[in-house]
Amino acid sequence: MKAPVRVAGIGVVCVPGGGAGEPVDLARRLPAVLAALARTGPPVRLIQPIEEVAVLAAHEALASAGVSTPAGGEDVGIALGVEEGIDGIKAEYYRGILKDGLLGASPIMFPFTTPNTVAARISILLDLRGESFTLCGGTLSGAQAIGLAMNAVREAWSPAMLAGGVTSVGREFLDALARTGRPDDGQAGSGACLFLLEPSTSSGGSRGTGELLGYAEGFGREDVRDAVQACLEDAGVRVEQVKGVWVTAGGDARALLEPLRRFAAKVPVRRPPAPSLYAASFPLAVAEAVQAADAIPGPVLVIGRDCLAGASAALVRGRAPR
Amino acid sequence: MPEGVVVTGLGVLSPLNPDGDRERFWTSLCAGETATGEIRSFDASGYPCRVAAEIPRALLSCERSADAPALRMAEAAFDRALAHAGIMPGTGEPRRAGIVVGTVMGGTIAGERYLRGECVGHAETAGALEDYPLRAIAACLARRAGFAGPVLTVSTACASGTDAIGIASRRIASGAADLLVAGGVDAVCEFSFSGFSALKALTADKVRPFSRNRTGLALGEGAAFLVLEREGTARRRGAMVLGRIAGYASRGDAVHLTAPHREGRGLAAAATAALGDGRCRPEEIDYVSAHGTGTTYNDWMETKAIKAALGSHARRVPISSVKGALGHAFGAAGVMEAVVCLLAIRDALVPPTLHLEEPDPECDLDFVPNRARSMAVRSALSLSAGFGGQNAALLIRGGEP
């Protein structure tokens with residue numbers, strides 16, 4: 001059993017909205033943030049939709065934790081889950097080459113074809129000079145980023161971590177999946193969900209909306225079972241103490257929970273009401289579980305699964321509003 | 001690191017050793033051989049610079065190798081690392097074993113093919129993009145070995161491989177796993193080549209790190225993996241300990257998407273933090289494996305970063321970059337350089353920085369020009385930096401406790 005990690009701030013952005021968090025008027029909220037950042041640095045112009053939702057969610061996670069930006073110093077790091085969210089950019093870049101040869105290779109667009117550019121944008125604009133990681137685990141990208149950040153904070157490798165997932169996919173991406181025999185229930189759109197994680201023992205008193213108690217991954221035939229078991233061990237919590245389950249994977253939630261059948265029959269099982277937002281899905285479920293503390297007063301297990309990356313499980317506990 | 005993390009196996013496949021023979025990799029590097037040459041893996045005739053360090057595709061034998069050279073390279077290096085460590089797939093506790101792969105491009109070549117097909121109106125069939133997702137390589141290797149623990153893919157530009165080792169070390173140190181295979185892989189492809197060409201970062205002949213006559217970087221490729229284990233577990237099973245990951249840190253520059261901080265702020269911070277993580281004083285460092293891409297801003301900032309992190313010791317410690325020999329293998333680069341550190345410790349031999357006839361006055365440290373140097377190495381620092389202001393540093397020590 002290890003110490004929990006405090007969720008000190010949350011930033012949620014969903015475009016076009018639905019699911020966790022409120023539908024966002026990006027055109028209204030983002031300029032205000034960029035204008036505020038421009039007061040302490042050069043004017044900011046974001047190019048890609050994935051940058052917009054990521055920067056906005058990051059700013060709101062820090063702001064809701066009372067961390068002013070630009071942060072400066074090495075105290076805040078970032079762990080971001082990104083994968084399919086840049087596929088549209090990669091396709092557009094390469095189509096330029098197919099169309100116009102070398103002249104079609106855009107030096108402006110090329111840097112955006114690497115996943116870590118999104119985290120870089122956040123770190124540059126908010127001046128976060130701590131650790132910087134980008135994890136690519138498909139729909140579990142955000143989960144793995146949260147797990148990595150949680151470990152970094154627990155073990156005091158980083159004083160605080162901004163962690164979560166971000167995506168931006170178009171209809172074309174979903175069509176390509178369908179054409180290649182891998183249709184899923186994801187939705188077109190952009191979304192980001194980030195948390196500011198701090199040690200539960202750090203100064204800040206009762207600040208924050210919840211805690212991450214445990215996290216683990218599993219892979220292979222028994223991936224869900226293994227992830228859940230290791231997560232509970234990590235948290236030092238018995239399965240009977242779990243008060244609810246959130247499931248984020250695509251497909252049939254009951255099938256996913258089959259390995260946990262006896263247990264899952266006794267606790268409320270929920271799914272985010274909106275279709276999957278890929279790398280942002282797991283963090284969005286964590287956000288909902290944390291914010292549902294008044295309805296579920298106890299540890300909630302969040303489970304996700306990806307067709308390639310296996311399964312992730314996180315145990316979270318919300319803090320009921322005072 | 002709270003608990004000892006040791007290296008018990010390594011596998012490396014590079015243009016200098018396309019057969020995966022790690023001793024050939026090492027002897028070629030130390031003999032000053034270079035692997036860069038005219039690009040053959042795709043038609044580069046339209047590009048002004050056409051140099052890269054490649055593994056002949058014919059050697060990556062598999063019916064699908066045209067689409068998945070990165071996966072083939074990864075499999076070859078991964079299998080050799082496990083064999084070197086004496087680990088048979090399916091043995092041990094699967095839930096406590098996993099993999100962390102660093103890659104920048106992953107299976108992008110499959111994506112290129114998909115888009116080419118689309119361009120000519122060729123409908124793709126099911127499974128055409130099977131190798132495309134970045135996470136596909138890690139998943140494939142984990143299935144191959146029967147791992148059931150963490151299966152992670154990290155993509156932090158040119159620091160990906162170093163970060164993969166660091167992340168895996170931390171997982172073991174914190175008790176979340178007993179055995180993790182950490183490594184990196186990337187293959188030369190038109191996608192990345194065109195980007196660096198558009199950025200005018202490529203050389204037309206040789207990579208000359210820290211040289212006044214530098215002309216840019218060359219893309220390289222390959223794969224390298226380390227088997228990392230909890231020290232107690234490794235010693236109990238009688239594994240040969242090749243070295244230890246004694247410290248690690250990552251830091252962001254937070255200044256620019258493609259250019260490094262001019263003073264090397266992030267890299268210096270990462271190096272300093274890695275030393276602190278390993279409770280190591282700067283004067284204990286016997287060798288620094290530099291990122292050393294052979295681009296002006298990298299060479300300048302890296303020199304400054306080493307001075308900032310090591311203080312007066314920076315002028316005494318030998319520093320070399322192997323990118324003059326291997327090109328820049330992106331996700332694999334940091335892992336290949338970690339292998340270099342481990343072998344330097346083993347053989348008391350430091351590989352040279354090639355093509356360094358006229359040192360850049362701004363790079364006024366001991367960059368071990370052109371000839372390998374015999375010297376005892378107990379502790380080595382391996383540095384990586386990448387687009388997005390990524391910086392990572394590993395402290396690698398010999399196997400003795």
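Every chain is numbered from 1, with letters handed out A, B, ... down the list of sequences.
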Check: At a heavy-atom separation under 4.5 Å, does B:Arg116 approach chain A through its side chain, its backbone, both, or neither?
Finding: both
Notebook entry, point to check: What heavy-atom pair brings B:Ala254 and A:Ser123 nearest, and what distance separates the two atoms?
Noted result: CB-O, 3.3 Å
Notebook entry, point to check: How long is the gap from OG on B:Ser174 to CG on A:Asp234, to the nearest 0.5 Å?
Noted result: 8.5 Å
Notebook entry, point to check: By a 4.5 Å heavy-atom criterion (distance strictly below it), what part of A:Thr114 contacts chain B: side chain, backbone, both, or neither?
Noted result: side chain
Notebook entry, point to check: Should A:Ile124 and B:Val255 count as side-chain neighbours, where that means a heavy-atom distance under 4.5 Å?
Noted result: no
Check: A:Lys90 side chain to B:Phe191 main-chain N or O, any donor-acceptor pair under 3.5 Å?
Finding: no
Next item on the list: Heavy atoms only, distances under 4.5 angstrom: which of B:Ala269, B:Gly266, B:Ser250 has the most pairs with chain A? Name it, please.
Entry: B:Ser250
Margin query: Testing the basics here: between A:Leu102 and B:Ser197, what is the closest heavy-atom pair and its distance to 0.1 Å?
Written below: CD1-OG, 3.7 Å
Next item on the list: Against chain B, label A:Glu233 side chain, backbone, both or neither, depending on which of its atoms sit under 4.5 Å from a heavy atom there.
Entry: side chain
Note to self: Any side-chain to backbone donor/acceptor pair from B:Gln390 onto A:Ser132? Under 3.5 Å, distance only.
What the structure shows: yes
Check: Among B:His256, B:Arg171, B:Glu190, which has the most heavy-atom pairs under 4.5 Å with chain A?
Finding: B:Arg171
Item checked: Which portion of B:Arg251 sits near chain A, non-hydrogen atoms under 4.5 angstrom -> both
Check: Which atoms of B:Asp253 come close to chain A, meaning under 4.5 Å heavy atom to heavy atom: side chain ones, backbone ones, both, or neither?
Finding: backbone
Check: Given the options A:Lys99, A:Glu74, A:Gln144, which has more heavy-atom pairs under 4.5 Å with chain B than any of the others?
Finding: A:Glu74
Check: Contact part of A:Arg221 toward chain B, heavy-atom cut-off under 4.5 Å: side chain, backbone, both or neither?
Finding: neither
Check: Does a side-chain heavy-atom distance below 4.5 Å link A:Thr134 with B:Val154?
Finding: no
Notebook entry, point to check: Around A:Glu92, counting heavy atoms of other residues, nucleotides and ligands shown, do more than 12 lie under 6.0 Å from its CD?
Noted result: no
Note to self: Once rounded to the nearest 0.5 Å, what's the spacing between atom CZ of A:Arg95 and atom CD of B:Glu118?
What the structure shows: 4.0 Å
Item checked: A:Asp87 versus chain B, the contacting section by heavy-atom distance below 4.5 Å -> both
Next item on the list: Among A:Ala119, A:Gly130, A:Ala120, A:Pro111, single out the residue with the greatest number of heavy-atom pairs under 4.5 Å to chain B.
Entry: A:Gly130
Note to self: If I measure from the heavy atoms of chain B, does A:Asp223 come under 4.5 Å with its side chain, its backbone, both, or neither?
What the structure shows: neither
Checklist line | Distance-minimising heavy-atom pair for B:Gly175 and A:Lys2 | finding: N-NZ, 4.5 Å
Next item on the list: Can you see which heavy atom on A:Glu131 is nearest to which on B:Ala249, and at what distance?
Entry: OE2-CA, 4.2 Å
Note to self: At a heavy-atom distance under 4.5 Å, which candidate from B:Ser155, B:Gly102, B:Gly46, B:Gly388 has the highest pair count against chain A?
What the structure shows: B:Ser155
Note to self: Distance alone, cut at 3.5 Å: any donor-acceptor contact between the side chains of B:Thr108 and A:Tyr94?
What the structure shows: no
Next item on the list: Write out, in numerical order, the residues from residues 136-153 of chain B with a heavy atom short of 4.5 Å from a heavy atom in chain A.
Entry: B:Ala136, B:Ala139, B:Ala142, B:Arg143, B:Phe147, B:Ala148, B:Gly149, B:Pro150, B:Val151, B:Leu152, B:Thr153
Checklist line | Greater than 12 external heavy atoms within 6.0 Å of B:Tyr297's OH | finding: no
Notebook entry, point to check: Is it the side chain or the backbone of A:Ile97 that comes within 4.5 Å of chain B heavy atoms, both, or neither?
Noted result: side chain
Checklist line | Side chain / backbone / both / neither for B:Leu257 at chain A, heavy atoms under 4.5 Å | finding: both
Margin query: If I compare all heavy atoms of A:Cys136 with all of B:Arg135, which pair ends up nearest, and what's the gap?
Written below: O-CB, 3.4 Å
Margin query: Need one label for A:Ala230: side chain, backbone, both or neither, based on atoms under 4.5 Å from any heavy atom in chain B.
Written below: both
Next item on the list: Please report the closest heavy-atom contact between B:Leu134 and A:Pro115, naming both atoms and the distance.
Entry: CD1-CG, 3.5 Å
Next item on the list: Select one option (side chain, backbone, both, neither) describing which atoms of A:Phe219 are under 4.5 Å from chain B's heavy atoms.
Entry: both
Check: Atom OG in B:Ser192, atom CZ in A:Phe110: separation rounded to 0.5 Å?
Finding: 6.0 Å
Notebook entry, point to check: How are the rings of B:Tyr248 and A:Phe133 set to each other: parallel, tilted or perpendicular (split at 30° and 60°)?
Noted result: tilted
